[in-house]
Amino acid sequence: MTVLLIALGAAVGAPLRYLTDRAVQARHASAFPWGTLTVNVAGSLVLGVVTALPTSPAVTALLGTGFCGALTTWSTLSYETLRLHRGGRRGHAVANVLVSIAAGLTAATLGYVLARAVTG
Amino acid sequence: MGGTVTGPSEFRVDPDVDLRVPADRRELTAHPAAVLGVIAAGGVLGALARAGLQATFPHPPTGFPWATFGINVAGCLLIGALMAVLTARPAGPLVRPFLGVGVLGGFTTFSTYAVDAQRAVAAGSPGTALAYLAATLAGALLAVWAGDAVASRLLARAKVGAAR
């Protein structure tokens with residue numbers, strides 16, 4: 001059952017990452033990978049909420065391990081950073097990883113704190 | 001890291017797409033169901049592999065998340081190698097969406113990285129959180145560079161061998 005729920009969450013999360021990335025990247029002309037930053041921060045926020053709530057293991061498998069896990073990515077983050085570096089955009093490369101980590105941590109903490117505040 | 005400066009058409013982006021590359025711009029409109037289908041299938045495979053490893057090597061809230069660390073570093077090594085191979089030897093239109101966006105995107109995770117670090121801080125282990133944040137960052141960047149460098153070198157050697 002857990003395996004099915006993880007699979008279901010990932011089957012939605014992975015294509016949503018692709019579609020979000022395309023939609024965001026189509027809306028600006030800069031070399032900065034805003035699309036990947038968007039999915040990583042959004043996924044960290046949602047997982048922060050899921051972690052804070054007294055949810056069942058089934059919900060954690062579906063939304064946490066499956067959906068948030070597949071929506072967010074380290075492989076693309078690192079590859080895009082390498083690409084920026086190779087393209088001579090060293091400042092963008094450094095900013096990409098530092099902003100991703102800072103924003104991801106902030107989002108995870110925010111999701112956790114907000115969910116705790118709402119549920120008491 | 002170093003290396004030659006290459007244009008967007010030679011050094012491609014995953015996931016998805018460098019929209020400055022015509023083939024990537026057309027990718028979704030050309031065969032939307034197939035592209036999204038292989039991404040979903042790859043994502044499921046990657047996520048199940050990740051879940052299996054995390055269940056095999058669990059960690060306490062104050063401990064170092066070794067499983068997720070290893071998963072993310074390994075995924076970065078593989079994406080570096082994959083993109084080097086696909087740049088040198090272009091494959092079918094569904095190979096990168098399946099392996100890069102799907103399998104490796106689903107295998108690696110950023111949300112668990114952020115939340116595990118936040119939980120370690122909340123559990124009273126800021127040192128572990130900081131070590132985990134820094135080790136993953138350094139490991140991921142080193143791995144993607146190494147994956148690209150090793151695969152590129154092997155491909156160049158194979159090309160020289162074939163030309164002889």
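Every value quoted in this text rests on a predicted model; they were computed, and no experiment measured them. Chain A is the first sequence line, chain B the second, and so forth, proteins listed ahead of strands; every chain is numbered from 1.
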Next on the checklist: Strictly less than 4.5 Å between heavy atoms, which residues of residues 5-13 of chain A line up against chain B? Please order them by number.
Outcome noted: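 If one takes a 4.5 Å heavy-atom cut-off, the residues of residues 5-13 of chain A near chain B are A/I6, A/A7, A/A10, A/A11.
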Item to check | chain B contact residues among residues 47-54 of chain A, heavy-atom distance under 4.5 Å | outcome: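 Result: A/L47, A/G48, A/T51.
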Please determine whether residues [X] and [Y] belong to a single hydrophobic cluster, defined as Ile, Leu, Val, Met, Phe, Trp and Tyr linked transitively by side-chain heavy-atom distances below 4.5 Å.
{"X": "B/L94", "Y": "B/V85", "answer": "no"}
{"X": "A/L45", "Y": "A/V113", "answer": "no"}
{"X": "B/Y113", "Y": "B/L53", "answer": "no"}
{"X": "A/L82", "Y": "B/V101", "answer": "yes"}
{"X": "B/L82", "Y": "B/V150", "answer": "no"}

Atom pair [atom1]/[atom2] of [X] and [Y] - distance to nearest 0.5 Å:
{"X": "A/E80", "Y": "B/I79", "atom1": "CD", "atom2": "CD1", "result": "9.5 Å"}
{"X": "B/S111", "Y": "A/F67", "atom1": "OG", "atom2": "CZ", "result": "9.5 Å"}
{"X": "A/L77", "Y": "B/N72", "atom1": "CG", "atom2": "CG", "result": "9.5 Å"}
{"X": "B/C76", "Y": "A/Y79", "atom1": "SG", "atom2": "OH", "result": "12.5 Å"}

pair [X]-[Y]: side-chain heavy atoms closer than 4.5 Å:
{"X": "B/D148", "Y": "A/R86", "value": "yes"}
{"X": "A/V3", "Y": "B/L48", "value": "yes"}
{"X": "A/L19", "Y": "B/L36", "value": "yes"}

Checklist outcome for this item: Counting heavy-atom pairs under 4.5 angstrom with chain A, the leader among B/L77, B/L78, B/V44 is B/V44
Checklist entry - Using a cut-off of under 4.5 Å for heavy-atom pairs, which of B/G75, B/P97, B/A140 has the most such pairs with chain A? => result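 Top option by heavy-atom pairs under 4.5 Å: B/A140.
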Anything under 3.5 Å between a donor and an acceptor, one on a side chain of residues 119-137 of chain B, the other on a protein residue two or more places apart or in another chain? List them.
unit_1: B/T128; atom_1: OG1; unit_2: B/T62; atom_2: O; d: 3.4
unit_1: B/T136; atom_1: OG1; unit_2: B/Y132; atom_2: O; d: 3.0

Next on the checklist: If I measure from the heavy atoms of chain B, does A/T106 come under 4.5 Å with its side chain, its backbone, both, or neither?
Outcome noted: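 Nothing of A/T106, per the 4.5 Å heavy-atom cut-off to chain B.
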Checklist entry - Quick one: what part of B/V73 sits under 4.5 Å from any heavy atom of chain A, side chain, backbone, both or neither? => result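 The answer is neither part of B/V73.
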Item to check | Residue B/F107 versus chain A: region with a heavy atom under 4.5 Å | outcome: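 Neither; nothing under 4.5 Å.
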Item to check | Max heavy-atom pair count under 4.5 Å with chain B, selected residue of A/S100, A/G43, A/G35 | outcome: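 Highest number of pairs under 4.5 Å: A/S100.
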Which heavy atom in [X] sits nearest to a heavy atom in [Y], and how many Å separate them?
{"X": "B/A117", "Y": "A/L105", "answer": "CB-CD2, 3.8 Å"}
{"X": "A/A14", "Y": "B/G43", "answer": "CB-CA, 3.9 Å"}
{"X": "A/A108", "Y": "B/V115", "answer": "CB-CG2, 3.8 Å"}

Give a yes or no on whether the backbone of [Y] and the side-chain of [X] come within a donor-acceptor separation of less than 3.5 Å.
{"X": "A/T72", "Y": "B/F110", "value": "yes"}
{"X": "B/T108", "Y": "A/S75", "value": "yes"}
{"X": "A/S78", "Y": "B/L141", "value": "no"}

Next on the checklist: If the contact rule is any heavy atom under 4.5 Å from chain A, which residues of residues 154-161 of chain B qualify, in numerical order?
Outcome noted: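 From residues 154-161 of chain B, none sit under 4.5 Å of chain A.
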